[in-house]
Amino acid sequence: MKKTDPHIIVIFGGSGDLTIRKLIPALFNLHCRGFLPSCFAILGLGRTPHTDESYREKAVVGNPHLLKNENADDKSIKDFGRHIYYHTMNSQSESDYGNLKDRLMDINEQCSTQENYVFYLSTPPSLYQSIASGLAKVALNHEDRGWKRLIVEKPFGYDLKSASALNAHLLTCFKEDQIYRIDHYLGKETVQNVLVTRFANSTFEPIWNRNYIHHVEITAAESVGVEKRGGYYESSGALRDMIQNHLLQLVALVAMEPPNLSSAAAIRDEKLKLFQSLRPLTVEEIRNNVIRGQYVGSRINGESFPGYREEEGVKSDSKTETYAALKFYIDNWRWADVPFYIRTGKKLPTRVTEIVVHFKPTPHRLFNYTNDHVNAGNTLVIRIQPNEGILLKFGVKIPGEGFRVTNTNMDFHYSQLVESYLPDAYERLLLDCIQGDATLYSRGDSVEAAWTFINPILNAWQEFDDIKVFGYPVGTWGPEHADQLIEGKNFTWRYPCKNLAGDGAYCEL
Ligand code: BG6
């Protein structure tokens, strides 16, 4: 186990939704599982006035997201609660940072945390730059006594220009190795397992290229809509919210070259090279190969579901996309001419994220297949969530006369492992940052490279009114036009079910 130094986690946005829903429960779990040292503290910050006691009540004792944890008995809650503090401050007021520093010194003396601090920016992105400056002004970026790390939540920038400006600004306050840009998909066990599947087995990698792979498909579907986040989502949309970060990270892990080491630098270098190899889309390709959609109200089993434009905080003539699908290519030796298809959307039939690698069919057709689809080639499905696992679809002989072939499944489910606990992504990422391991965080250059690929799409959508936003009824798989993206006879998107091994229109959702 790596060494975990005494430390304080300082959370800007201490009473915000992310902190209460994700960060505090993740830290509680780490504490209960023995991953945090005895000398640690959590300091929530915000303008909302709280005492340490009232904050403990809100964030721990009365936190429904923490209470649903099976470890949440009275003793663990009380024990964890003793590490929690709160400090009221306005992060926009420079003069408040001196008091913050004093407060940190007090906690530091009380808890022997050796001036090791993680600053977590769980605030609206518009505050990131001033917080970084505020910390630097009072030397809370100096590492002469204790390390200082800054975790920056997504979205990292609104487009290439703003992401570059944010990077440039943060680098005037902190060094690159102090900055941890979070993408919670990288904290998912199953996402990390993509690297293990590829690079810990000798079976896959030799065929992981243009000679054997026909195309790659990645889906991140959600059944929820924008919930209470209409205001944020209006200025984001699916491309910024999911594709620029989470889906492109999955593309990088599936398509990057093997790193020479499993170190942060080596893995992040390969990811950067991959982002730099994404073939830029021309306006014509954006018209044809990028589909955007928005959910519209529908009735399912007699119940009405509102469309996106009826959601709270959304304009009645909004053109924000709640669905996006793309076809693109990677210009390098391994992937020349192999199409990649990615899609994401809200209010789709089920919640599922998976990577599907379609292998080429056999070069010569010897047998009779039960249908043409069976002969379309083997598929490997890497299921990120739910029903986490891996599925290989391959042909078998139907017993009896002749050689008739049908498709069957070979599947592995994480739940079969003895050690089957899958930690929440934030648990893993917070622990990595505390231990100084940036492997699962995005490096500045690679965030900018991902924006470089996405930016022309944003520009084209803004500039050309004739690029359509298609409606799709709540509970369907998105606009019909997205089906036409996939090239080749016998190929469509896989329509996944809740369970890894199922697909098709009539499965469990
Ligand atoms: C977030 C997006 O980054 O990821 C949300 O802002 C989205 O809109 C969420 O719902 C999906 O995450 P997960 O882990 O549920 O797939």
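Note that the structure is a prediction, hence the values are computed from the model and not measured. Counting begins at 1 with the first residue of the sequence. Whatever order the structure lists them in is the order used to number ligands and atoms, beginning at 1.
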**Q** Per the ring-ring contact (aromatic ring centres under 6.0 Å, His included) rule, which among Phe28, Phe40, Tyr55 passes with His83?
**A**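 Of the listed residues Phe28, Phe40, Tyr55, the ring-ring contact (aromatic ring centres under 6.0 Å, His included) partner of His83 is Phe40.
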
**Q** Which is closest to atom 10 (O) of ligand 1 by heavy-atom distance: His246, Glu222, Arg240, Gln385?
**A**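 Comparing heavy atoms across His246, Glu222, Arg240, Gln385, the nearest one to atom 10 (O) of ligand 1 lies in Glu222.
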
**Q** Tell me whether the guanidinium CZ or amine NZ of Arg240 lies under 6.0 angstrom from the six-membered ring centre of Tyr158 and within 45° of its axis.
**A** yes

**Q** How close does the nearest protein non-hydrogen atom get to atom 6 (O) of ligand 1, and which residue and atom is it?
**A** Asp241 OD1, 2.6 Å

**Q** Report the nearest protein non-hydrogen atom to atom 15 (O) of ligand 1: residue, atom name, distance rounded to 0.1 Å.
**A** Arg351 NH2, 3.2 Å

**Q** Determine whether Pro25 and Asn69 make a side-chain contact, defined as any pair of heavy atoms from C-beta on separated by less than 4.5 Å.
**A**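 Side-chain contact under 4.5 Å: no.
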
**Q** What residue and atom, counting heavy atoms only, is the protein's closest point to atom 12 (O) of ligand 1, and at what distance?
**A**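 Answer for atom 12 (O) of ligand 1: His184 NE2, 3.2 Å.
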
**Q** List the closest protein heavy-atom neighbour of atom 16 (O) of ligand 1: residue, atom name, distance to the nearest 0.1 Å.
**A** Tyr185 OH, 2.6 Å

**Q** Have a look at Tyr308 and tell me which of Glu321, Glu234, Lys346 forms a side-chain hydrogen bond (donor to acceptor under 3.5 Å, both in side chains) with it.
**A** Glu234

**Q** Tell me whether Lys148 forms a cation-pi arrangement with Tyr117, defined as NZ or CZ under 6.0 Å from the six-membered ring centre and within 45 degrees of its axis.
**A**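 Satisfied, under 6.0 Å and within 45°.
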
**Q** Please state which option from Lys154, Lys188, Lys346 has its nearest heavy atom closest to atom 14 (O) of ligand 1.
**A**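 Answer by nearest heavy atom: Lys188.
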
